[in-house]
Structure formats: structure tokens, C-alpha cells
Amino acid sequence: MHAPLETTPKNGGLPIKFFLTPDMMPEAATLSQLEVLANSAGLVHHVAVLPDIHRKSRNLSPTGTVVAANNAIVPRAIDTGICCGMRMVRSEIEVRDLRAPALDALFDELRATIPVLEHETEVISKDDVADILVQGGKWSQSKYGLSEAEMNCIEDRGTMPTDTADPAMILASMPEKPMKKGRRCFGTLGDGNHFLELQEIVEVIDPGLARQLGLEEGRAVFMLHTGSRSVGSKTMKAYLETFEEKSAPARNDSPIWSLPADSEAGAKFARAIAAASNFGFANRIAITERLRAAVRKTLRDESLQLPLLYDCAHVSIKLESWNGEKLWVHRHGGSRALPPSQMREHPVFSQTGQPVPVPGSMGHASYIGVADEKTVGTFYSINHGAGRVLDKPEAMAQFTAAQVEKEMRDKNIRLYRYGADNIAEQAPSSFKDISRVIKAMAALSLARPVVRLRPVAVLKG
DNA sequence: ATGTAC
């Protein structure tokens, strides 16, 4: 087993721990961003770097990092995609039985019932948005009649803890614009790297774990990647603007600035992030209900169960328990990943660890794993994917949409699109080799791989 | 990431 590589920034700051293999060490520009992050006020312990580390030009801190604070909210340590996350849905569908017309019918139905961008009209009421922001998964559970077993397969049951039980205080933390946006963007997928995929389990790597998780070779698994949509991004944007204007309320002057979590402003910000996260979890639940309805309808089998395997976020700021401390954990492209010792109350995951998605690109394999005990070093997190080798502008310069579509055809992967013009950003060759990434995760005991999957049909912006 | 500035 590898130990994480560790460096100390030249100009001081926290140690930076690299949970990856030496061939995945980031380039100089990313390293200097990490040094700035390591010097941010309020952070404690170390900066955890994940195997999918990559710089994103619009962000001050790189994707694939996790940091923690005793008493600080550090908005620039994450990005605007609050509660961006993934869920995995199991099935008893044998992929070899699926014919092209059935896949076309299913994905036409999905595209018709799950819009990529905002709905043209309001699909939920103002009161529903308010309830979702306050209750998250709890609202969804009563709306859709979800079982307790299903709720326990969602990070924090999709309901973020806030420091107040008073709904009015939570809603008072939300700016006007995201509250309004929520009425139109509920149940939408989003574009960019968001997707809904049908995958086939093509290799069982750990038969014992696969059996415990209900995963069998040849079966279909659905992976969904989306978040809180404009509710989260507008919330973040409103707060960033508030604190980055010249007349800003007090904050430290680092580019990656922080607010004391126990200050009025910090507590309000944390509450807004919790509320937007609730919306993100509810959004993934709503889309899953559409998915289940579409599968049952187009495959003409109302008895199909489609159980949730797990749902976790990879962009979040949350107060969590860690080694006997309470820490504000900031995940920036790091999936929450609890090992067996941190899931004592769950009948299956207390034995296996939390199921974790490791999506490759749309043209490559994905993996499902379980969190292993060394995630304590990453504040219980793993990489949320393969990570990029080309950033989005580089990918746009090198590939065209037509090339991406041809590559998918050549690989016999059905690609269903809504028609956004930015799919070249997601060209498969823009991402690291997922098999090397999964090896690094296993070598560092972040996750144990359980099954490998191949993409069969992909729905993308 | 976001109908990407009211």
C-alpha cells in the first residue's frame, strides 16, 4: 500500500497530502493554486488532494481537493455547483436483452420527461421550493412515498443539518433569485459534465462485495450526475458578490477568503449552502422518479424495482465528525465516502463501506467501489471521477461535436443529446485513464473496486 | 456550472 505523498508549501501554510500515485502529480500551475489554498485562513490539518486533481480556469482552487476548518466557511475552496453529486440505481435488467428500439424508446422518454435546462413554466410552487430548501430529502420521501431503506442510501438522507430548527431562519438566508429559479429548474439535468447513463456490469472484481451490494455481471446500472442547478449557483454567486465588493462586510483579504462559521454572516452562508444542498438532493430524487417511470413504461414492466444503490454529493460545505472533532469539511470535486467504521448503523454498509461511484468519461469504463478506511486522511472523501488531462477550452480546441459523436458510434455507445453546443468539452480523450485512477485509489486504500461497467447509452446536454 | 449580465 502507498502512503500519500506530502509536501509543505514554501511560504508556509498547511501540509499538502497527495492521495495519488507519482504519475498523477499535478503540473506547476495546479501546485501553486494548492499552495494558495494551503495558506487560506481558518483551515486545519492538511489539504487533501485526490487522484482526479485538475485546475479549472474559472476557479481559485483546483477540482479534486478537500479541506477542513474548525470555525470557518471558505466559499472559494469549492465552486458554484453546490451539491453536485451522483447516484447509482441498480436493476435486474439484463443488458443483452435490450435491443436498439427499446433503448431509443427509453431514452426518448427520458429526454422528454427530464429537461436539460430550465422548464419553460414553473413546475413547482413557491411553497414547494421553500419546503424543499428546508427539508430536502424529507420532503421527497413524503411526496414520493420513499422507503426508509432508500432514504438510508442517501448521504445524510438528503437533508442537511443546519444550526437552527427554524424554517424561517433557513429561508431568510436564501437570496431572492435562487428561490425564484427553483420553481423552473426542479427536475432538470443540466449540461456540461452532467449526464444520465445506462451502463452494463462487465466485470465483477470483488464477488463478495458485489453480492452484498446486489451487483451482478450483465445487469444494467443507471448513473446520474447532476446537482442543485441554478439554485446553488445563484446562491453562491449572490454571496460571493456580497463579500467580494469593495464595501464588503468583514472578511480576511486572502483570495481564498473565509468567514468565521460562528459569525452572523458565516452562519447565514452555511445555512444557505445547506438549503441549496437540500434542493440538489431533492432534484436527484425527482429525476430518479422520472427514470423509474420511463423504464417501467418503455420496457413494459411495472414491477421493475430499480433500487437506489447510493447517492452522494461531491461539492459541499458541511459540519462533520472527524477523529473526535467537529470540522467544516469543504469538498471540491470529492465524493463523500464513509468507510465501514463510519457506517455502524447501516445493515449492509457497516460491513462493506459506503458504495462510491467512480465514473470514467462517457466513452470509457466506470467503476463502483466501496469506501475504505484510509479515507480518514481525505476527510472521508474520494475523487468524483477520472479527472481531466485537457481543460475545457483545450478540449474545445482539439475536438468537435461531430468527432465526439463519431467516436461514440465507433465504440457502439448510444449517445442521446439535447443539442447543447459544448459536448466537445466532454470528449473522452480529455480525461485521465480511469483504470489507472482506480488502481491508485486501491493502492492508497481509499476505495475497494467492486465492479467495472461499460457505457451502453448516454444522455447528455 | 449556469439560459452562462436585470
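We use all heavy atoms of the structure for the numbers below, so side chains are in, but hydrogens, waters and symmetry mates are not.
No side-chain donor-acceptor contact under 3.5 Å links A:Thr164 and A:Arg271. For the residue pair A:Arg331/A:Ser381, the side-chain donor-acceptor check at 3.5 Å is satisfied.
The shortest distance between the side-chain N/O atoms of A:His119 and the OP1/OP2 oxygens of B:dG3 is not below 4.0 Å. Phosphate proximity of B:dG3 to A:Arg229: present, with a side-chain N or O under 4.0 Å from OP1 or OP2.
Heavy atoms of A:Asp79 sit nowhere under 4.0 angstrom from any nucleic acid atom. Note on A:Lys177: only backbone sugar-phosphate atoms sit closer than 4.0 angstrom, heavy atoms only; bases stay farther off. Using a 4.0 Å heavy-atom distance criterion, A:Gly192 is classed as a sugar-phosphate-only contact. Using a 4.0 Å heavy-atom criterion, one finds that A:Ser230 contacts the sugar-phosphate atoms exclusively.
Summarising the geometry, the separation between CG on A:Asp421 and C1' on B:dT2 is reported as 13 Å, rounded to the nearest angstrom.
The A:Lys237 side chain lies nearest to B:dA5 when the options are B:dA5, B:dT2, B:dG3.
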inquiry  = What verdict does the side-chain hydrogen bond (donor to acceptor under 3.5 Å, both in side chains) test give for A:Trp257 and A:Glu244, after you've listed the backbone C-alpha separation in whole Å, the side-chain angles of each residue and the deciding distance to 0.1 Å?
reply    = CA-CA 9 Å; A:Trp257 48 272; A:Glu244 292 179 358; 2.6 Å; yes
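For A:His332 and A:His384, the ring centers are positioned 6.0 Å apart or more.
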